[in-house]
Number of protein chains: 2
Amino acid sequence: MTEHPRRSDARRNRARLIEAATALFDEVGVNAAAMNDIARRAGVGPGTLWRHFPDKEALTAEIVGQSLDGLATLAIELLDEPPSRDILREWVSALVRHITRYRGIATSYARAAHTGDGPLGTRCLAVEQAATELVRHARARGQARTDLTGSELIEMATAVAWVNETTAPPDTAERLLDLVFEGLRPR
Amino acid sequence: MTEHPRRSDARRNRARLIEAATALFDEVGVNAAAMNDIARRAGVGPGTLWRHFPDKEALTAEIVGQSLDGLATLAIELLDEPPSRDILREWVSALVRHITRYRGIATSYARAAHTGDGPLGTRCLAVEQAATELVRHARARGQARTDLTGSELIEMATAVAWVNETTAPPDTAERLLDLVFEGLRPR
DNA sequence: ACCTGAACACCGTTCAAGT
DNA sequence: ACCTGAACACCGTTCAAGT
């Protein structure tokens with residue numbers, strides 16, 4: 001949890017752990033990446049990994065944290081875009097791409113967003129607030145139905161990302177988003 | 001795999017295993033139910049469980065099999081219902097309720113339906129064929145957009161069931177289905 | 001102050017030894 | 001023909017012993 005350890009070997013180990021976890025998450029996904037493998041790859045013992053990150057969620061939050069914070073930032077930025085831009089769709093697409101990038105992270109998000117606890121939960125709350133603001137603007141623009149909420153938007157995006165990563169070929173996400181935005185009914 | 005073992009003690013053990021698994025799946029969900037706990041609860045060794053069901057998927061398929069087959073049957077039955085009935089929505093609701101009943105089964109379905117292998121996969125293929133037929137009729141009735149496919153319908157239902165079981169209060173499923181059917185856009 | 005690595009509890013799965 | 005239960009490989013996590 002300590003962002004900047006005092007001793008230089010501790011700082012170096014922390015950097016190595018983050019590097020190893022990032023690489024392994026990219027290669028095999030969050031679920032398949034074993035904690036002990038991350039430690040071994042970083043050249044440290046499992047106890048050292050535990051000292052820096054008390055559980056897997058803390059490590060996950062560290063790795064995906066910047067990218068996740070960027071989604072909140074993106075939502076705020078989209079508020080100032082001209083009405084010709086489909087800000088709701090653009091943001092949801094970015095969210096789905098973010099989740100898909102790290103396979104297995106959809107479940108972590110869903111649970112963290114639900115409880116609001118832990119290092120992931122607090123970050124998810126920030127994203128949800130940004131989504132609420134975004135939905136408010138999209139509704140005013142006529143780009144979203146008037147009863148849609150920010151958390152519902154995130155739930156739908158998480159659901160699409162989950163289906164996309166567990167069952168479908170990787171390029172089905174946009175097609176599924178079409179269905180979610182336009183509905184299964186005839187227009 | 002053998003449906004009807006010859007020796008009476010084997011048949012009795014099989015029945016006990018199914019009973020124990022059904023109870024434990026109901027209590028804690030499919031994911032949290034440990035194989036060894038199921039065996040202990042049935043009063044047999046883990047090896048006996050393995051002999052009757054070679055892995056957890058085989059056991060899961062046995063437990064949820066009848067209910068899953070019922071969904072294919074339901075889809076066929078709905079084909080003959082009068083056009084006043086919203087057959088697509090009724091069937092998807094039933095599918096979501098079925099998945100929600102056994103927590104943790106959404107992932108098994110998604111994977112099984114994707115590969116089409118194993119005892120679950122073959123059953124999922126039958127459900128998908130029934131869904132395709134149902135979608136065809138719903139499109140002719142004007143209850144579904146003309147480019148919707150059966151597998152897409154199942155993907156959306158699985159996604160909603162997954163969100164519902166991992167993040168949301170248990171009664172959110174119908175609200176999410178409203179969003180999926182009508183879309184996030186204003187009508 | 002921080003690291004090491006053996007150890008723990010738990011999971012699903014296997015198989016040699018029995019009856 | 002079928003069951004038993006110890007054992008295996010693997011996971012995340014812990015902690016006593018070091019430097």
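In this text the structure is predicted, and so the values were computed from the model without any measurement. Chain naming here is simple, since letters A, B, ... match the order of the sequence lines and numbering starts at 1 in each.
With the nearest nucleotide of DNA chain C identified for both B:V30 and A:G45, A:G45 has the one nearer the 5' end.
Between atom CD of residue A:E165 and atom CZ of residue A:R101 there is a gap of 14.0 Å, rounded to the nearest 0.5 Å. Considering CG of B:D117 and SG of B:C124, their distance stands at 11.5 Å, rounded to 0.5 Å.
In terms of modelled atom types and a separation under 3.5 Å, the side chain of B:K56 and the main chain of B:V30 share a donor-acceptor contact. In this structure a side-chain-to-backbone donor-acceptor pair under 3.5 Å is missing from B:R41 to B:L24.
Atom CG in B:L17 sits about 13 Å away from atom C1' in D:dT4, given to the nearest Å. In this structure, the CZ atom of A:R16 is 13 Å from the C1' atom of C:dC3, given to the nearest Å. Per the geometry, CZ belonging to A:R6 stands 16 Å off C1' belonging to C:dC3, to the nearest Å. The CG-P distance, from A:L24 to D:dC11, rounds to 10 Å in whole Å. The interatomic distance linking B:I38 (CD1) with C:dC11 (C1') rounds to 12 Å, in whole Å. One atom, CG of A:L59, and another, P of D:dG12, lie 10 Å apart when rounded to the nearest Å. Rounded to an integer number of Å, the gap from A:R11 CZ to C:dC3 P is 11 Å.
You'll find that the side chain of A:A10 is closest to C:dC3, out of D:dT4, C:dC3, D:dC2. In the set C:dC2, C:dC11, D:dA1, C:dC2 carries the atom at the smallest distance from any side-chain atom of A:P5. You'll find that the side chain of B:D37 is closest to C:dC11, out of C:dC11, D:dC2, C:dC3.
Taking the six-membered ring for Trp and thresholds of 30 and 60 degrees, B:H98 and B:Y109 have nearly parallel ring planes, at less than 30 degrees apart.
With pairs defined as Watson-Crick or G-U wobble and both atom distances under 3.5 Å, the stems of at least three pairs that touch DNA chain D come out as C:4-8 with D:12-16, C:12-16 with D:4-8.
Applying the 4.0 Å criterion to OP1 and OP2 of D:dC2, one finds that B:H52 has every side-chain N and O outside that range. Here A:N13 does not reach the OP1 or OP2 of C:dC2: none of its side-chain N or O atoms lies under 4.0 Å away.
If you check every strand for non-hydrogen atoms under 4.0 Å, B:A33 touches sugar and phosphate atoms only.
Applying the ring pair (Phe, Tyr, Trp, His ring centres under 6.0 Å) test to pairs two or more places apart or on separate chains, none has a residue in residues 70-96 of chain A.
Ion pairing between a basic and an acidic side chain is recognised when a charged N comes within 4.0 Å of a carboxylate O; A:R85 and A:D80 show no such pairing.
Counting non-hydrogen atoms of other residues, nucleotides and ligands closer than 6.0 Å to CD of B:Q66 gives a total of 12 or fewer.
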Base-contact (B) and sugar-phosphate-only (S) positions in nucleotides 13-19 of chain D, heavy-atom cut-off under 4.0 Å, - elsewhere: BBB----
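Within the 4.5 Å cutoff, the side chain of B:R11 has heavy atoms near those of the B:S8 side chain.
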